[in-house]
Amino acid sequence: MEKPRVAFFDFASCEGCQLQVINLEEDLLKVLEAVDVVTFREAMKEHSDNYDIAFVEGAITRKSDEERLKGIRANAGVLVALGSCATLGGITCLKNFHDQEYVRKLVYGDKASHYETYPSRPLNAVVPVDFKIHGCPINRDEFAMVVKALLLGKNPEINNFPVCVECKMAENICVFEKGMTCMGPVTRAGCGACCVTEGSFCWGCRGLVDDPNADSQREVLATHGLSVQDILGSFRLYTGFSEVAK
Amino acid sequence: MELQLIEKSDHDLFVQNLINNYQVEGVKPKDGSFIYGSIKAPEELCLDFDCTLISPKKYFLPPKEALLQFALTPDSEITPLIENDPFILFGVHPYDIKAINQMDRIFARGVPDPHYLQRREAALVIGVDPTAVAPRSFWADMGASTVSEGFDLMFTDMGEHFIVEIGTNRGRNLLEEHAKLKPATTDDARERVRIRSRISHICKKRGFAFPKRDIPKLLEHSWNNFLWEEQASKCLSCGTCNIVCPTCYCFDVEDHVDLDLAHGERIRRWDGCLLQDFAAVATGENFRETRASRYRHRFFRKGHYLFEILDDLACVGCGRCASGCLPDIADPVNLFNKLKEG
Amino acid sequence: MNQPMLEDSPYLPKWAEITRIEQLTESEKLFELRLVSGEPLGHTPGQFVELSVMGIGEAPISVSSAPAENGVFELAIRKIGNLTTAIHGSVTGDRVGIRGPFGTHFPVEEAKGKDLLFVAGGIGLIPLRSFIRFVLDHRDDYGEVIVLFGAKNPSERIFLYELEQWGNREDIVYLDSVDKSGPGWQGNVGVITTLFSKIHVDPSRTFCIVVGPPVMYRFVILEAKAKGIPDRQIFLSLERKMKCGIGKCGHCQINHLYVCQDGPVFRYTDIFDLEEAL
Amino acid sequence: MSNEKIIKVNHITRVEGHGNINIKIRDGRVEECQWQVVEAPRFFEAMLRGRKWYELAHITSRICGICSIGHTLTSLKATEAAMGVTLTGQTEKLRRLLVHAENLQSHILHLGYLVLPDLLKVPSVVPLVSTHKDQVLLVVRLHRMANEMSDLIGGRTIHPQRPVVGGFTKWPAAEELETLRTRLADSMPDVEALASLIKDLAGNLPDFSRETEYIALTSADEYALYDGDIASTDGGSWPVDNYKEITNEYLVPHSTAKFTRHKRDSYMVGALARLNLNYDHLTPKARGVAETFQLRPINYNPFMNNIAQLVEVVHSIDDSIRLIDDLLGNGIKDEKPSFSIQAGRGVASVEVPRGILFHEYEYNSNGECVWANCIIPTNQNHANIQKDMEAFVPQIKNHSEEEIELMVEMLVRAYDPCISCSTHCIFL
Ligand SMILES: Cc1cc2nc3c(=O)[nH]c(=O)nc-3n(C[C@H](O)[C@H](O)[C@H](O)COP(=O)(O)OP(=O)(O)OC[C@H]3O[C@@H](n4cnc5c(N)ncnc54)[C@H](O)[C@@H]3O)c2cc1C
Ligand code: SF4
Ligand code: SF4
Ligand code: SF4
């Protein structure tokens, strides 16, 4: 069987998700045995437009990027969105809540007209996306799981239950009991509740589960002392592109 | 009933002896709560906890467990993985023992499940009577203040010493080999009854406003009660109530493959009936599509369905679900009392 | 230490070899299998197996052949998810894992000497075929036999060759219908219940066996009752998500029943008043 | 017919972010020579407006995956400066360890995955997996150690979790630190092997020098990474609060990133700048490595930035061991951060792998950010890259197009630019 040809691309992002791929360390070498990586700008000079699977990191933040993404979509058999920026719009959507002209002026002053920008959006707002690997950054094991599934010809099984499940299994004290608040009850699991485990709280970086009970989450946050503004802020941090945050 | 006595001053020695000879798992503090974990020194072991975050079911039905190991090549052997390393589980409250007893029956009934049963067999269970009651516990009302089986030894903290009830021969041997014992007198036995009823009395502050044996009947007439909808509208479908519950045992099965794509494992992991996709099938059909139907299912399972199988309610009153549920709708006491009110 | 206890684990599949594959429709294939050990599967019509492709997963699949067909058995599988797609990609000679047979079966014995009314919707015909073939193999043991088969459209009709045979047989009544007509279709059009007006049964001696999609049951049962067939002579096979097949994982639970062990075949009287069953 | 060489690199590879190189040489005359940054701008400073004090480090960490630890720490320090939070010695030491962890992560990644292929004249590390398996495994081992060090101290390899305003949420256990210490000490043979590999190939680094200004943090008593004053090789030193006097930002039409200049047209930041300004504080072992490459201050060859990174790898390992011993000596304590939220303005700076980084925030009394500014190392280097190119290309103009392309790419890569970082600075 011929090895599948794999390419990596990035748009507006911190490139941390591609770095997570490199961070597979020894396992990356195993991946390299199973697939042919034909494009990975962050790590290699080789480049090819002939690939089966495209992993695409980053959000779309300007009209001119749409063409490049559409080109990738046209070449790729399978397109996988890599990380929150690509799957949700992620952190980059925070700017959507300011007037775009104001944003440009704020950062680039009277030279603002040189800098094209429009409200940030996830890949699937521009082209169809086959699979999503959520997270900011992505979880290395989940990336490996998706690669393995694609190699075996199966659809990767991406969780649709909230972070609380993994958080309880990790035997964490719920942060609400510690006087903090948490997006875990509406956020898609798969990270092993890593933030709570590390003493923080769930920021919501993996996006919402398919059917989040946003009303109840708002109520829970409100009973724990968050103002309406803060609650919106919590939803907007990562899922600003989704309806519940608007 | 056979009772023995261990002086508090001799207790550390006993625990140390166990540590020297066995893998010992017990209760440890964590961030102001308690969890079960491995005990490496006597002072780590905590016996005066109110309730742990997750019940000891994790030792018999681990959150994630490999069932089979296989190679992807045709004809290769498939090897079941069955864990039966002996270990001591030190510090299990009677309500959790009651839950373990229920699980034992579930996993032995019909087609027995050796993955569970062997682990269970490998464990020596040392129970301990509660010295404190968690805010949402109601085990006393669930008839789980004491248990008569399911433990090898049962400790009761009597202040200066522990009284140890011997549950099995395995327990007796362990005790005789590793502890400095004194015989317990009938006065000690009487005192133990008193201490137990005192703590049980504290726990009784929470409970049902009606006899709990009426619960199955109550549910039979409550299928269409408005409460399911009303309460479940707040449900986050977070599955917390399932995960923490000592009597919940549903699981999912998945194949995991190594990166070499040549070897793999079939694993099972905890699942929960409150989670959205629990009853969803490949066609897209979801047999419990609404939050309310999933929410109701859990209470029916605890109070009715499993009753038909176990002849007992599948809730032992630990209150873990109640304290873990953020919108506070998972508490059996609140829900059943509300249902009763109508 | 992990100690292998080979024969003890109910999760351990047996190897079976695919001996024949037949494309039934665009999305359904028939697989003929033989256990590598040489032993017969030993099922009774209505039972299912847990089929594995190691590395992909496991799924419950009804046995579609009648018992004891030369040591081979048949599964008919719709390609819909991971496991079913993987099996669709396999070729003759490939090996798969089999656990089971599991669950309850159709009233093969009880219905002897009685009349049978089979009602199949879509791929509900897969498990029913096992019983129908058994009855046809033992035709003298049973009375009148009627088979009603409904499909969404002509292209979703499975086992075409057999349907034609059944239609040509003198000793059974075979009627079918499609919800929506399609190219070349000249038969009945309409939901399956419309076929009931075309048949006559002696209700007291008729066993009605129904398998189809969840929505179908309620309507078919009404028709069967309208014909006067007693509730306890109505049988149906239910589908639920399954992960273990041995009554542990909880996914298939309906009330106190586990569909994998207490079902999938139920007598109507045992479940008619159970919420969530139908 | 005129002799024309056109070098056009769209999206230079093996760097972080998107940058282009445009060179046109006609009849031996360099007509065009441009370094363009085309990364999509992300406007972080705007995003920060209105966000809560505890979110800023989380958000700014996402400026760059490779320097996420540096952004996190700089952000925390800026918030702490704004709110007058004091830190314990333990916190400061753990943060210093974290800076080392990131330095190791980033430098090893750069040297092993990005520079080594250049020196071995292959397009990427992929072919090396078969031709130089042992060397690749060595790099992987060192990189994994650095990642696990970040995991242990920061709670994640990138976008760290544990460092928060005022301290940490979780602390490594003594045994964990001991294990780390052993691993660091045991990694020296690997580092030496990497050093000698690079030494053997160092002849492939172009011999090119251009006098410029170097800017980095300095401190009286250490090789300044986590803290210090701003200093210049042209003389002078400034408190971090005065950072704007140094980092005069300006925009150029061909780039989405901003350029900076100080006394001259441009200046350079990064490992070489640090080494030029902090040489005396290198550990003896690190200085020994510098010596084998004849790397002494002030060195004006930008390609030597690669070697300066190698020297810093040794320094970071040595100094981490010292810090761990110090931490273990005092015993690790659980120290819950304590402070009160206040309005205020604060500036902070940390030396991240690519150079000096500044964050400045202003908060209102609710702890909401009302104004923010981040000045990123690569931004400060863009102008210097441009000026280097202008000086370098005429020197190599007689080479073939391919050779020029490779050498100019190597020049850009020597800066280890982190472009995605650099495209969102506020205009004041
Ligand atoms: C008793 C019984 C008999 C069946 N007989 C047949 C048959 O003869 N032919 C046929 O084509 N299909 C049959 N099905 C349906 C078949 O089980 C599903 O189509 C199959 O499980 C889908 O698996 P998948 O891995 O392809 O899909 P995925 O969507 O990838 O499913 C993942 C897993 O979820 C579970 N699951 C998903 N859908 C179902 C389902 N409908 N029923 C039970 N578990 C499910 C399985 O464990 C499956 O492996 C039967 C179902 C039951 C309950
Ligand atoms: S800490 Fe967050 S993720 Fe964990 S249980 Fe609580 S709400 Fe859920
Ligand atoms: S009842 Fe409570 S704990 Fe259970 S799933 Fe719903 S919200 Fe979560
Ligand atoms: S239902 Fe709640 S109270 Fe009852 S056993 Fe389960 S977790 Fe404990």
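First the proteins, then the strands, lettered A, B, ... as listed; each starts at 1.
- Neither the backbone nor the side chain of D/Gln105 comes within contact range of chain A; no heavy atom of the residue lies under 4.5 Å from a heavy atom of that chain.
- The shortest distance between side-chain heavy atoms of A/Cys14 and D/His159 falls below 4.5 Å.
- No other option in D/Lys170, D/Arg156, D/Arg141, D/Gln161 has as many heavy-atom pairs under 4.5 Å with chain A as D/Gln161.
- Contact tally against chain D (heavy-atom pairs below 4.5 Å) for A/Leu32, A/Ile22, A/Val37: the top residue is A/Ile22.
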Problem set entry | Candidate pair D/Glu148 and D/Arg144, rule salt bridge (Lys or Arg N to Asp or Glu O under 4.0 Å), full reasoning | CA-CA 6 Å; D/Glu148 287 173 13; D/Arg144 185 154 52 82; 3.5 Å; yes
Exercise. Should A/Ser48 and A/Arg5 be marked as a side-chain hydrogen bond (donor to acceptor under 3.5 Å, both in side chains) after you check the CA-CA gap, both sets of side-chain angles, and the distance that decides it?
Worked result: CA-CA 10 Å; A/Ser48 163; A/Arg5 296 164 66 85; 3.2 Å; yes
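- Only the side chain of A/Leu19 comes within less than 4.5 Å of a heavy atom in chain D; its backbone stays farther off.
- When heavy atoms are compared at a cutoff of 4.5 Å, D/Leu109 approaches chain A solely by way of its side chain, counted from C-beta outward.
- Both the backbone and the side chain of D/His143 have a heavy atom closer than 4.5 Å to some heavy atom of chain A.
- Heavy-atom distances place no part of A/Ser120 under 4.5 Å from chain D, backbone and side chain included.
- Neither the backbone nor the side chain of A/Ile60 comes within contact range of chain D; no heavy atom of the residue lies under 4.5 Å from a heavy atom of that chain.
- Heavy-atom neighbours of A/Lys70 NZ from other residues, nucleotides or ligands within 6.0 Å: above the threshold of 12.
- Ring centers of A/Tyr51 and A/Phe9: under 6.0 Å apart, within the cut-off.
- For A/Cys136, the parts lying under 4.5 angstrom from a heavy atom of chain D are both the backbone and the side chain.
- Between chain A and the residues D/Val164, D/Val129, D/Val136, D/Thr157, the most heavy-atom pairs under 4.5 angstrom are made by D/Thr157.
- Of the residues considered (A/Gly199, A/Gly233, A/Ser200, A/Pro137), A/Pro137 shows the highest number of contacts with chain D, using heavy-atom pairs under 4.5 Å.
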Exercise. Going through the checks in order, is the salt bridge (Lys or Arg N to Asp or Glu O under 4.0 Å) test met by A/Lys63 and A/Glu66?
Worked result: CA-CA 6 Å; A/Lys63 191 80 188 148; A/Glu66 291 192 359; 3.2 Å; yes
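- Taking the six-membered ring wherever Trp is involved, the centroid distance between the rings of A/Phe55 and A/Phe40 does not fall below 6.0 Å.
- If you measure heavy-atom distances from D/Phe168 to chain A, you find no contacts under 4.5 Å at all.
- For the set D/Glu55, D/Arg51, D/Glu368, D/His58, the entry with the most heavy-atom pairs within less than 4.5 Å of chain A is D/His58.
- Counted by atom type alone, A/Thr61 and A/Arg121 present zero donor-acceptor pairs between their side chains at under 3.5 Å.
- The six-membered or imidazole ring of A/His134 lies away from that of A/Tyr238, with a centre-to-centre distance of 6.0 Å or more.
- For a residue to count as touching a neighbouring chain, one of its non-hydrogen atoms must lie under 4.5 Å from one of that chain's; by this rule A/Cys93 does not touch chain D.
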